[in-house]
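Right, one structure below, let's go through it.
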Amino acid sequence: MTEHRGAGLTHRSATDEATPPSLVFVVEDDPAVARLVLSTLGEFGFNCEGFSNGASVLRRLQVEKPDLCIVDLGLPDMDGIDLMRRITAASNAGVLILTGRGHPADRVMGLELGGDDYVTKPFEARELVARVRSILRRRSLAPGQATGQRRYASFLGWRIDCAANVLRAPDGGEHLLGTAETQVLRCFVERPHQILTREQLMGARDLLPTDRSIDVRISRLRRKIERDPHDPAIIKTVYGAGYLFAANVSWE
């Protein structure tokens, strides 16, 4: 069933109510692209709501919390990077960047500010679905979401609350991590002193050789926890193999 609501199109999937499908907000001002994204995700069992500008999706976030937001960087009323920052501040939704901007700096900036992944226009519909599923799968494995339990890991004076995405420094200062950063750091603290591949850290089996998302997240974490991010002593690169977390970890 499809219906118009507010500033965009809502696509509701006919799925068993006992297991509600993921809710995806699509923020895209090009009507043709918006229809393509909404119809494609609807065909694959997602509930979707479409918005043509940033203000309308921010209003909707006050009453409805999606599992994922797909955000076009080129919006008529605000910059997509700024919107992405406000979405992550107002909700725990994942963010998939959808952009026609071909410059790598735009994509890297989006990932630096907490985006989970990006897709460039034009895109293959099935690739979009695969990336949406990958983000939701990684987020479903995040600690505390299923059971409400809060788990804490400590290493070298640092302490991470994996459920609240908060990293506390030895001096007491706190960093609010993005969901993607938390997932990578959790992979490390669960398996210290082990070489982990890029695929293991991303929770995906189909990473392209050109996908640098994990490198951006590693860089962000190093800037937070390393004394010298350019000569890391905790998150070490094992060339040709992956990364290794070189610290002892205790859990509570």
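Atoms considered below: every heavy atom in the structure, side chains included; atoms not considered: hydrogens, waters and symmetry mates.
- Side-chain contact check for Ile87 versus Phe25: every heavy-atom pair is 4.5 Å or farther apart.
- Hydrophobic clustering places Val71 together with Met78 (ILVMFWY residues linked when any side-chain heavy atoms are closer than 4.5 Å, directly or through intermediates).
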Legend entry - Test log, rule side-chain contact (heavy atoms from CB on, under 4.5 Å), inputs Leu196 and Glu190: CA-CA 11 Å; Leu196 301 177; Glu190 285 184 333; over 6 Å; no

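- Side-chain atoms of Asn248 and His193, non-hydrogen and from C-beta on, do get closer than 4.5 Å to each other.
- Scanning both residues, Gly242 and Ile195, for their nearest heavy atoms gives N-CG2, 4.3 Å.
- For the side chain to side chain contact (heavy atoms under 4.5 Å, CB included) with Val27, the lone residue among Asn53, Leu83, Leu58 that qualifies is Leu83.
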Legend entry - Pair Phe51-Arg59, side-chain contact (heavy atoms from CB on, under 4.5 Å): steps then yes or no: CA-CA 11 Å; Phe51 305 86; Arg59 287 194 299 270; over 6 Å; no

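- Side chain of Arg159 to main chain of Tyr152: no donor-acceptor pair is present (N/O by atom type, distance under 3.5 Å, no hydrogens or angles).
- Listed here is the closest heavy atom pair of Leu23 and Cys48: CD1-N, 4.5 Å.
- Of the possible donor and acceptor atoms, one in the side chain of Asp77 sits under 3.5 Å from a partner among the backbone N and O of Gly54.
- Taking CZ of Arg137 as the reference point, atom OG of Ser22 lies at 12.0 Å (rounded to 0.5 Å).
- Contact check for Glu181 versus Lys224: side-chain heavy atoms found under the 4.5 Å cut-off.
- In this structure Lys121 satisfies the side-chain contact (heavy atoms from CB on, under 4.5 Å) test together with Glu28, Val33, Asp72, Leu98, Phe123, sequence neighbours excluded.
- Leu96 and Leu68 make their closest contact through N-CD1, 3.9 Å (heavy atoms, listed as atom of the first residue, atom of the second, distance).
- In this structure, the separation between OG on Ser56 and CD on Glu49 is 10.5 Å, given to the nearest 0.5 Å.
- Side-chain contacts under 4.5 Å among hydrophobic residues (ILVMFWY), followed directly or transitively, place Val166 together with Leu176.
- Residue Arg131 holds its CZ atom at 15.5 Å from CZ of Arg126, rounded to the nearest 0.5 Å.
- Put simply, CD on Gln194 and CZ on Phe245 are 12.5 Å apart, with the number rounded to the nearest 0.5 Å.
- Remark: side-chain polar atoms of Ser219 are not paired, donor with acceptor, to backbone N or O of Asp215 under 3.5 angstrom.
- Side-chain contact between Leu128 and Leu36: absent, with no pair of heavy atoms (C-beta onward) separated by less than 4.5 Å.
- Smallest separation of non-hydrogen atoms from Ala247 and Pro192: O-CB, 3.3 Å.
- The hydrophobic clustering, which links ILVMFWY residues whose side-chain heavy atoms are closer than 4.5 Å, places Leu244 and Leu185 apart.
- Thr99 pairs in a side chain to side chain contact (heavy atoms under 4.5 Å, CB included) with only one of the listed residues (Ile81, Val119, Thr120), which is Thr120.
- Side-chain rings of Phe155 and Phe188 stay apart, their centers remaining 6.0 Å or farther from each other.
- When only modelled atom types and interatomic distance are considered, Arg186 and Thr182 share no side-chain donor-acceptor pair under 3.5 Å.
- A salt bridge (Lys or Arg N to Asp or Glu O under 4.0 Å) check over residues 166-180, counting only residues at least two apart or in different chains, returns the pairs Arg168-Glu174.
- Between the side chain of Ser91 and the backbone N or O of Thr88, no donor-acceptor pair lies under 3.5 Å.
- In this structure a side-chain-to-backbone donor-acceptor pair under 3.5 Å is present from Glu226 to Ala233.
- Contact annotation: the side chain of Arg217 approaches that of Asp116 to within less than 4.5 Å [non-hydrogen atoms, C-beta and beyond].
- Cluster membership check: Leu156 shares its hydrophobic cluster with Ile218, using side-chain heavy-atom separations under 4.5 Å among Ile, Leu, Val, Met, Phe, Trp and Tyr.
- The nearest pair of heavy atoms linking Pro66 to Leu61 is CD-CD2, 3.4 Å.
- Inter-residue side-chain proximity for Asp67 and Val24 is flagged as unmet; no heavy-atom pair is nearer than 4.5 Å.
- Between Val184 and Arg220 the shortest side-chain heavy-atom distance does not fall below 4.5 Å.
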Legend entry - Worked check of side-chain contact (heavy atoms from CB on, under 4.5 Å) between Val189 and Trp251: CA-CA 9 Å; Val189 297; Trp251 287 88; 3.6 Å; yes

Inset, instruction - Verify side-chain contact (heavy atoms from CB on, under 4.5 Å) between Ile225 and Leu167, making sure each step is shown before the conclusion. - result: CA-CA 9 Å; Ile225 68 175; Leu167 178 65; 3.7 Å; yes

